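Model, not experiment: these values are computed from the prediction. Lettering of chains follows the sequences in order, A, B, ..., and the numbering in each one begins at 1.
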Number of protein chains: 2
Amino acid sequence: MHERLQFLQEKLTAKNYRVTPQRLLIMQIFCDHEGEHLSAEDIHRLVQEQFPEIGLATVYRTLELFAKMGIIERVHFGDGKNRYELSQHGKHAHHHLICIKCGDVAEVNEDLLERLERSIGEVYEFDILDHQVKFYGYCHRCRRGESK
Amino acid sequence: MHERLQFLQEKLTAKNYRVTPQRLLIMQIFCDHEGEHLSAEDIHRLVQEQFPEIGLATVYRTLELFAKMGIIERVHFGDGKNRYELSQHGKHAHHHLICIKCGDVAEVNEDLLERLERSIGEVYEFDILDHQVKFYGYCHRCRRGESK
DNA sequence: CTGTTTGCAAATGGTTTGCATAACC
DNA sequence: GGTTATGCAAACCATTTGCAAACAG
């Protein structure tokens, strides 16, 4: 949890970016909310609890910086806003199960797509570097008629 | 091509929506541009060539109506705007190869995902109804260093 | 100190909405 | 003729940008 902040500091320093409390705090928020898919507004609200004077623009600029540095990834669920999650160093974490009833988003961490990716790459002469896969349907709760 | 317009008319009438030249024309545009992934603005521009007085709002309202009726599908490529394509009745057409260099979007029509979908459905107790898969990388032209 | 980063407010761009008019049935 | 659909303009919402002040190195 801690080591991630240290890692961030090193990476920032290495690229001549400055280590600021805002950047550290936003990173902290990501660590405290792993597995969630936060929007910029979510992050702004959460950071404000500890640092009320932070501006939304700073959050956006930080998210862009982190994304550019490969620390976080942007994911799109088609609800009009971007969402962000920590990148899982090397591993893809872009298999999402999205419940069309309760809106719950679960992650599938297995890299079952690898074989598919390889064959598509061959057939279509396409060098695949990354992918994003979304499955829409009913989650285990909703399929049983439970509410969230 | 024609039969699609007739199909649209029947579906509109059946649901007590009105058959208007704007709606027919937008459908025509989709038929004339199969395989492309048009944004609302693209469609507005194309329709305007034949019907200059159409408003952007009408385009948006029509797209929403068509999507609600299942005639078209919304797809998101993460460039900030929605894109639309004709639904392929029953078949998924949501495997996209997106070139991160030239921006070209190709479709993969095979339903290679079916097995994967089945096993994920079992493991995660998730009823999968639809999916959307995007592969990002270099297309055959860009990988050879050609320009578009 | 010097250049980067921040906060604020204003601008932007895609999409939605209110309302009076026009068009379908 | 009654209701739905359209066009226009204004509203909206997520995101971006300009700029002067604050801050890291």
Side-chain angles (χ1 to χ4, degrees), chain A residues 5-6 8-27 29 37-69 71-84, chain B residues 5-6 8-27 29 37-69 71-84:
Chain A
L5 290 183
Q6 196 172 331
L8 174 63
Q9 290 197 21
E10 288 164 14
K11 260 203 141 172
L12 287 172
T13 306
K15 302 209 176 186
N16 276 329
Y17 295 124
R18 297 195 172 157
V19 176
T20 67
Q22 290 92 332
R23 288 172 178 172
L24 291 172
L25 211 46
I26 289 174
M27 186 47 143
I29 295 297
H37 306 85
L38 305 169
S39 67
E41 216 190 335
D42 292 337
I43 292 160
H44 184 228
R45 185 174 29 75
L46 289 166
V47 176
Q48 269 191 323
E49 290 173 8
Q50 299 176 246
F51 196 121
E53 64 273 41
I54 197 172
L56 229 197
T58 300
V59 173
Y60 276 105
R61 283 185 282 231
T62 304
L63 292 173
E64 205 199 320
L65 178 68
F66 285 5
K68 200 170 66 185
M69 294 171 70
I71 292 171
I72 61 174
E73 307 266 349
R74 250 180 260 262
V75 272
H76 317 279
F77 295 147
D79 63 345
K81 54 182 80 169
N82 290 325
R83 296 179 173 276
Y84 303 83
Chain B
L5 291 181
Q6 195 172 333
L8 174 64
Q9 290 197 18
E10 286 165 15
K11 262 204 141 171
L12 286 171
T13 308
K15 300 210 178 184
N16 275 330
Y17 295 125
R18 297 192 174 159
V19 176
T20 67
Q22 290 90 335
R23 287 173 179 173
L24 291 173
L25 211 45
I26 289 174
M27 187 46 144
I29 294 297
H37 306 85
L38 305 170
S39 67
E41 217 190 335
D42 292 337
I43 293 160
H44 184 228
R45 184 173 30 73
L46 290 166
V47 177
Q48 267 190 325
E49 290 174 8
Q50 300 176 246
F51 196 121
E53 64 273 41
I54 197 173
L56 230 197
T58 300
V59 173
Y60 275 106
R61 282 185 283 231
T62 303
L63 292 172
E64 205 199 322
L65 178 68
F66 285 4
K68 200 170 64 184
M69 293 171 71
I71 292 172
I72 61 173
E73 307 267 349
R74 249 181 259 262
V75 273
H76 317 279
F77 296 146
D79 63 346
K81 55 183 80 168
N82 290 325
R83 297 178 173 276
Y84 303 84

Would you kindly give the [atom1]-to-[atom2] distance between [X] and [N], to the nearest whole Å?
X: A:H44; N: C:dC8; atom1: NE2; atom2: C1'; result: 11 Å
X: A:I54; N: D:dC23; atom1: CD1; atom2: C1'; result: 14 Å
X: B:E53; N: C:dA23; atom1: CD; atom2: P; result: 9 Å
X: B:L12; N: D:dA5; atom1: CG; atom2: C1'; result: 12 Å
X: B:L63; N: D:dA5; atom1: CG; atom2: C1'; result: 15 Å
X: A:L65; N: C:dT5; atom1: CG; atom2: P; result: 7 Å
X: B:Y60; N: C:dG14; atom1: OH; atom2: P; result: 7 Å
X: B:L56; N: D:dA10; atom1: CG; atom2: C1'; result: 14 Å

Shortest non-hydrogen separation from [X] to [Y] and the atoms involved:
X: B:Q50; Y: B:L25; result: NE2-CD1, 3.8 Å
X: A:M69; Y: A:K11; result: O-NZ, 3.3 Å
X: B:A40; Y: B:Y84; result: N-CE1, 4.2 Å
X: B:A67; Y: B:R74; result: CB-NH2, 4.2 Å

Subject >> Earlier contact from the 5' end, DNA chain C, for B:D79 and B:R61 >> reply: B:D79
Original post:
Which residue, A:A57 or B:Y84, contacts DNA chain C at a nucleotide closer to its 5' end, judged by nearest heavy atom?
Top reply: A:A57
**OP:** Please step through side chain to side chain contact (heavy atoms under 4.5 Å, CB included) for the pair A:F51 and A:E53, ending with a clear verdict.
**Re:** CA-CA 6 Å; A:F51 196 121; A:E53 64 273 41; 3.5 Å; yes
Original post:
C:dG14 phosphate, OP1 or OP2: any side-chain N/O from B:N82 under 4.0 angstrom?
Top reply: no
Original post:
Is the backbone of B:I54 close enough, under 3.5 Å, to the side chain of B:H44 for a donor and an acceptor to pair up by distance?
Top reply: yes
Original post:
Contact class for B:N16 vs. all strands (heavy atom < 4.0 Å): base, sugar-phosphate, or nothing?
Top reply: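 Contact class for B:N16: none.
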Original post:
Under a 4.0 Å heavy-atom cut-off, which of residues 17-24 of chain B touch DNA chain D?
Top reply: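 Within residues 17-24 of chain B, the residues near DNA chain D are B:Y17, B:R18, B:T20, B:Q22, B:R23.
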**OP:** With sequence neighbours left out, write down each residue that passes side-chain contact (heavy atoms from CB on, under 4.5 Å) with B:K15, or none if nothing qualifies.
**Re:** B:Y17
